[in-house]
Amino acid sequence: MRRIKARPAAVMEQHKGINIETLYRTQNERLKRFIQKRIWSREDAEDVLQLTYLEAMRCQERFIGGSKPETWLFGIAANLTRNYFKRHYNQPPLDEISDALLSELQGEAEDDPGVLVEHEIILKHTVDALATLPDDTRSMFELIVDAEYSYQDTAEHLGVPVGTIRSRLSRARQMLKSQLGM
């Protein structure tokens, strides 16, 4: 039978709860850089930073001292960052074209026929590049772009994990960029 060593009372008292204010003073800049390296949008990174402290305050009584308080805090930030990517990248971002933007784009083409010709050339090169992709990748693109399936729906339709969809899309984007000289 294995004996478990009891922790001294001073150590147990030290780990009874966490002082979030002290963590904020000592770790905020490091934590902010940690999050910003992973989330490029400054506003979203700031939101995740705030959520990290809120979650730490909410769960501070559950801290049992199995790690340093700053390690625990960074773990919370890592989990929230992971959740951010699951939430924001499960579906492709769709930007709506406003009437003003559409008018501006149409105005450019009407004012300068060269712009219209240039856009047609780019479109033809893009369509030709898409035609060189493997059939399964092209059908995946059709589901996501034409049928407006989410990554999750596409994965279910094709019978593959959502991570496979993401990796195939990443490889396809790289192939298209290299073919289009981007």
Side-chain angles (χ1 to χ4, degrees), residues 1-98 133 136-137 139-141 143-145 147-178 182:
M1 200 157 135
R2 220 172 120 185
R3 272 191 93 146
I4 299 174
K5 266 183 151 176
R7 289 186 173 184
V11 172
M12 292 299 286
E13 188 60 34
Q14 173 189 4
H15 291 299
K16 199 175 188 181
I18 289 183
N19 187 335
I20 303 297
E21 190 175 325
T22 301
L23 278 175
Y24 176 80
R25 280 195 309 268
T26 60
Q27 301 299 318
N28 190 55
E29 285 305 311
R30 280 185 59 218
L31 187 62
K32 186 186 295 187
R33 285 192 304 272
F34 173 82
I35 294 168
Q36 286 176 340
K37 282 182 183 177
R38 288 151 182 80
I39 299 175
W40 294 352
S41 164
R42 184 176 302 276
E43 294 83 15
D44 290 346
E46 197 61 42
D47 287 346
V48 170
L49 179 67
Q50 290 176 12
L51 287 172
T52 299
Y53 285 112
L54 287 172
E55 187 69 12
M57 285 187 280
R58 190 176 71 78
C59 299
Q60 68 186 355
E61 294 305 317
R62 288 191 231 154
F63 178 73
I64 58 172
S67 63
K68 292 180 180 178
E70 49 271 7
T71 304
W72 179 75
L73 184 66
F74 277 77
I76 292 172
N79 287 335
L80 290 172
T81 300
R82 193 174 311 113
N83 293 345
Y84 166 85
F85 281 105
K86 284 180 186 175
R87 188 172 56 252
H88 286 86
Y89 293 101
N90 253 353
Q91 295 187 9
L94 300 174
D95 292 332
E96 289 188 26
I97 297 179
S98 67
L133 293 174
D136 61 335
T137 304
S139 65
M140 179 187 61
F141 262 114
L143 290 172
I144 293 171
V145 176
E148 296 181 1
Y149 276 34
S150 68
Y151 288 5
Q152 185 65 43
D153 292 339
T154 303
E156 288 171 8
H157 183 80
L158 297 176
V160 297
V162 72
T164 302
I165 297 298
R166 287 192 184 105
S167 62
R168 286 180 185 174
L169 272 174
S170 178
R171 283 194 301 275
R173 285 183 187 121
Q174 292 305 317
M175 287 176 14
L176 291 172
K177 283 180 181 180
S178 68
M182 298 174 102

### Side chains of L73 and Y53 in contact at under 4.5 Å (non-hydrogen atoms)
yes
#### Entry: Rounded distance [0.5 Å steps], CG in L143 versus OG1 in T154
5.0 Å
### Task
Report the residue from D47, L49, D44 that forms a side-chain contact (heavy atoms from CB on, under 4.5 Å) with I39.
D44
### Message
Can you confirm whether Y151 sits close enough to L169 that some side-chain heavy atom of one is under 4.5 Å from a side-chain heavy atom of the other?
### Response
yes
### Summary
Here the pair of heavy atoms bringing I18 nearest to Q60 is O-OE1, 3.1 Å
### Message
Treating T81 as the side-chain partner and A77 as the backbone partner, does any N or O pair qualify as donor plus acceptor under 3.5 Å?
### Response
yes
### Task
Would you check if L176 and L133 make a side-chain contact, meaning some heavy-atom pair closer than 4.5 Å?
yes
### Message
Both conditions, 6.0 Å and 45 degrees, for the charged tip of R38 above the ring of F34: are they met here?
### Response
yes
### Task
Drop me the distance from M57's CE to I76's CD1, to the nearest 0.5 angstrom.
10.5 Å
### Query
With K177, which residues qualify under salt bridge (Lys or Arg N to Asp or Glu O under 4.0 Å), at least two apart?
none
### Message
Does any part of the side chain of L51, heavy atoms only, come nearer than 4.5 Å to the side chain of N83, both counted from C-beta?
### Response
no
### Message
Using side chain to side chain contact (heavy atoms under 4.5 Å, CB included), reason through M175 and T137 one step at a time and then give a plain yes or no.
### Response
CA-CA 11 Å; M175 287 176 14; T137 304; 5.9 Å; no
### Task
For L158 and T164, run side chain to side chain contact (heavy atoms under 4.5 Å, CB included): C-alpha distance rounded to whole Å, both residues' side-chain angles, the deciding distance at 0.1 Å, then the answer.
CA-CA 10 Å; L158 297 176; T164 302; over 6 Å; no
### Test: R42 and E46 ion pair at under 4.0 Å
no
### Query
How long is the span from the CD atom in E70 to the CD atom in Q27, to the nearest 0.5 Å?
4.5 Å
### Message
Nearest 0.5 angstrom please: K68 NZ to L23 CG, how far?
### Response
12.0 Å
### Task
Find the distance between CZ (R173) and CZ (F141) and round it off to the nearest 0.5 Å.
6.5 Å
### Message
Counting C-beta onward and ignoring hydrogens, is there a side-chain heavy-atom pair between E55 and N79 closer than 4.5 Å?
### Response
no
### Task
Report yes if the side chains of F74 and R30 come closer than 4.5 Å at any heavy-atom pair, otherwise no.
yes
### Query
Out of curiosity, L31 CG to Q36 CD, how far, rounded to the nearest 0.5 Å?
10.0 Å
